[in-house]
Amino acid sequence: MRIVELNKDTKNDILNNLLKRSPDNYGEFESVVKDIVNDVHINKDEALFKYTKKFDKADINSSNIKVTKEEIDEAYKEVDEHLLEIIRKAICNIKEYHEKQKNYSWFDSEDTGIMLGQKVTAIENVGVYVPGGKAVYPSSVLMNVIPAKVAGVKNIIMTTPCDASGKVYSTTLVAANEAGVDSIYKAGGAQAIAALAYGTESIPKVDKIVGPGNIFVALAKRTVFGHVSIDSVAGPSEILVLADETANPRYVAADLLSQAEHDEMASAILVTTSKELAEKVSEQVEVFIEELSRTEIMRKSVDNYGYILLAKDMDEAIETANDIASEHLEIVTRNPFEVMTKIKNAGAIFLGEYSSEPLGDYFAGPNHVLPTNGTARFFSPLSVDDFIKKSSIIYYSKEALEPVYKDIVDFATAEKLTAHANSIKVRFE
């Protein structure tokens, strides 16, 4: 990996390079995605089945688009018992963590005749998109479904691509069933997002769409946003390791590549105060790339979006980490808890040399659906909050309104909204 000394210019160059990975920079695909979305919006099942045949080579129709109980039962026979046990352990951890995020309605009343409050209501229908192309991600099923279940969502619909024979990955089906998905449909890509957003004869319309996907899925989610809610328009995966001379270079190199293997556009960055560590990590990265699978993907990721940044001190290193605002941030320093208190921008923070990123991906409990491309400056991980709505509650008695009604009339009059003023004033004529 390239080793770069940090200064204002090199940091700006790196930030600009990382921004090239944003879905906002793939305008050449927008027209294609919009055409697919509009086609499904207008022609519904007919268009959905057409694109499924075109892209997935599968003959899907109204009689076989919905995954049956028999298909789920068959999937259980194909999944290793040990993996099923692990999935169930992960579900317990994820559920326990997200239970602590629950919001509740509240009401505050006063003797003066005023009651104010907030009513929390779960979203009724949620669509979960699960990729089915280059790799299978049962962990993403759990991370998207379980917070929705904890929030109280009544109807969770999942769409995922099938293969040419109409079969869905067994582990995906098992994870979905264990997590509590209500129905599963064989549909992928932009056409699946459109089907969830607008509804077809086979797939019901939802209120919110969550889940990862390729650039076509991301752009489709952005296209339908406003008609339905979405979680985010996610970019490629990324990791930043913040380390000093106490870090184990072999561990750091392994953690950097844990994200580089996701995608050729994934980003892996080490920010360190130690030149010796930088050199050892660079060497170890090369060793691991040759030893592990997905060599070509890791190589392109590291060459294009991988950096080892040398900071003059820990303050500069922390400042750089906050500027990059990485999806995953590992802190491997002498006192990671002290450093953590100075971190303002990160999707998930992993502390110490035994808290590597895959711990969060699969098992610990916090959600692995995280803000990417610097959006951790203002976005949060997927949570129970993403599956609820909040309504304000306002009650005033006549006795409570009378002392303040003239203030409201004057305020409305100042804005030249006479009907607003009249709505209050008529009650005291």
Side-chain angles (χ1 to χ4, degrees), residues 24 34 37-38 41 98-127 147-157 193-194 196-199 204-210 220-234 322 325 344-345 347 367 369-371 373-429:
D24 291 334
K34 285 182 179 178
V37 169
N38 289 336
H41 186 191
H98 287 83
E99 286 279 0
K100 294 180 174 68
Q101 297 178 336
K102 288 180 75 171
N103 279 285
Y104 298 92
S105 300
W106 59 268
F107 302 94
D108 185 15
S109 60
E110 300 176 9
D111 294 339
T112 55
I114 298 172
M115 186 180 76
L116 303 175
Q118 183 171 268
K119 184 176 183 293
V120 175
T121 309
I123 293 173
E124 190 94 359
N125 303 290
V126 167
K149 295 293 288 186
V150 170
V153 175
K154 285 185 178 179
N155 189 28
I156 301 175
I157 297 166
I193 300 301
L196 290 169
Y198 300 111
K205 179 191 181 309
V206 300
D207 303 308
K208 182 161 190 168
I209 301 171
V210 300
K221 286 168 71 176
R222 191 171 70 181
T223 300
V224 301
F225 175 62
H227 190 78
V228 293
S229 179
I230 62 171
D231 51 353
S232 65
V233 180
N322 281 325
K344 300 174 183 177
N345 305 322
N367 211 287
V369 181
L370 304 167
N373 271 103
T375 60
R377 295 191 310 277
F378 44 82
F379 281 147
S380 305
L382 190 73
S383 72
V384 171
D385 286 349
D386 288 288
F387 299 99
I388 61 170
K389 308 170 295 175
K390 299 173 182 177
S391 302
S392 302
I393 303 295
I394 301 168
Y395 168 79
Y396 269 56
S397 67
K398 182 179 181 181
E399 292 73 22
L401 182 60
E402 189 165 14
V404 299
Y405 90 90
K406 289 182 180 178
D407 290 338
I408 303 166
V409 169
D410 290 345
F411 211 148
T413 302
E415 292 190 347
K416 295 183 170 56
L417 296 175
T418 56
H420 277 64
N422 188 59
S423 173
I424 296 289
K425 190 161 52 177
V426 294
R427 285 162 167 78
F428 296 95
E429 289 176 345

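All values derive from a computational prediction rather than experimental measurement. These numbers come from the heavy atoms of this one structure, side chains and all, not from hydrogens, waters or symmetry mates.
Ile408 CD1 to Ser423 OG: the interatomic distance, rounded to the nearest 0.5 Å, is 9.5 Å. Note that the NE2 atom of His41 and the OG1 atom of Thr223 stand 13.0 Å from one another [nearest 0.5 Å]. With rounding to the nearest 0.5 angstrom, the OG atom of Ser229 is 11.0 Å from the NZ atom of Lys389. Put simply, CG on Leu401 and NZ on Lys406 are 12.5 Å apart, with the number rounded to the nearest 0.5 Å. Put simply, CD1 on Ile393 and CG on Asp108 are 13.0 Å apart, with the number rounded to the nearest 0.5 Å. The line from CD1 of Ile157 to CG of Leu196 is 7.0 Å long, rounded to the nearest 0.5 Å.
With contacts defined as side-chain heavy-atom distances shorter than 4.5 Å, the pair Ile388/Thr121 does not qualify. Looking at Val224 and Ile193, their side chains come closer than 4.5 Å, going by heavy atoms from C-beta outward. The side-chain heavy atoms of Val150 and Phe387, taken from C-beta on, include no pair separated by under 4.5 Å. For the pair Phe379 and Leu370, the minimum side-chain heavy-atom distance is 4.5 Å or more.
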Take Val409 and Phe411 through the side chain to side chain contact (heavy atoms under 4.5 Å, CB included) test and state the conclusion after the steps. CA-CA 5 Å; Val409 169; Phe411 211 148; over 6 Å; no
Evaluate the side chain to side chain contact (heavy atoms under 4.5 Å, CB included) criterion for residues His227 and Lys205: first the C-alpha distance (whole Å), next the side-chain angles of each, then the deciding distance (0.1 Å), finally the verdict. CA-CA 11 Å; His227 190 78; Lys205 179 191 181 309; 3.7 Å; yes
Is there a side chain to side chain contact (heavy atoms under 4.5 Å, CB included) between Leu116 and Tyr395? Walk through the geometry before answering. CA-CA 6 Å; Leu116 303 175; Tyr395 168 79; over 6 Å; no
Check the pair Ser392, Lys390 against side chain to side chain donor-acceptor pair (under 3.5 Å), reporting the backbone distance first and the verdict last. CA-CA 7 Å; Ser392 302; Lys390 299 173 182 177; over 6 Å; no
Derivation and outcome, side chain to side chain contact (heavy atoms under 4.5 Å, CB included), residues Lys154 and Asn125: CA-CA 7 Å; Lys154 285 185 178 179; Asn125 303 290; over 6 Å; no
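For Phe225, the CZ atom is loosely surrounded, since the number of other residues' heavy atoms within 6.0 Å does not exceed 12. Around the NZ atom of Lys34, the shell of radius 6.0 Å holds no more than 12 heavy atoms that belong to other residues, nucleotides or ligands.
Distance alone, capped at 3.5 Å, places no donor-acceptor pair between the Lys221 side chain and the Ile230 backbone. Thr413 places no side-chain N or O within donor-acceptor distance of the main-chain N or O of Lys416, the cut-off being under 3.5 Å. A donor-acceptor pair is defined here as one N or O able to donate and one able to accept, closer than 3.5 Å; such a pair exists between the side chain of Asn367 and the backbone of Val369. Looking at Arg427, its side chain never comes within 3.5 Å of a backbone N or O of Ile424 through a donor-acceptor pair. Judged by distance alone, the side chain of Gln118 and the main-chain N or O of Ser105 form no donor-acceptor pair under 3.5 Å. Using a distance-only test at 3.5 Å, with no hydrogens or angles considered, a donor-acceptor pair links the side chain of Asn345 to the main chain of Asn322.
Taking every heavy atom of both residues into account, Ala421 and Ala412 meet most closely at N-CB, 3.6 Å. Nearest heavy-atom pair across Pro381 and Gly347 is CG-O, 3.3 Å. Of all non-hydrogen atoms in Val37 and Ala220, the two that sit nearest each other are CG2-CB, 4.2 Å. When every heavy atom of Ala151 is checked against every heavy atom of Val384, the shortest pair comes out as CB-CG1, 3.7 Å.
The pair Lys208-Asp386 counts as a salt bridge, with a side-chain nitrogen and a carboxylate oxygen less than 4.0 angstrom apart.
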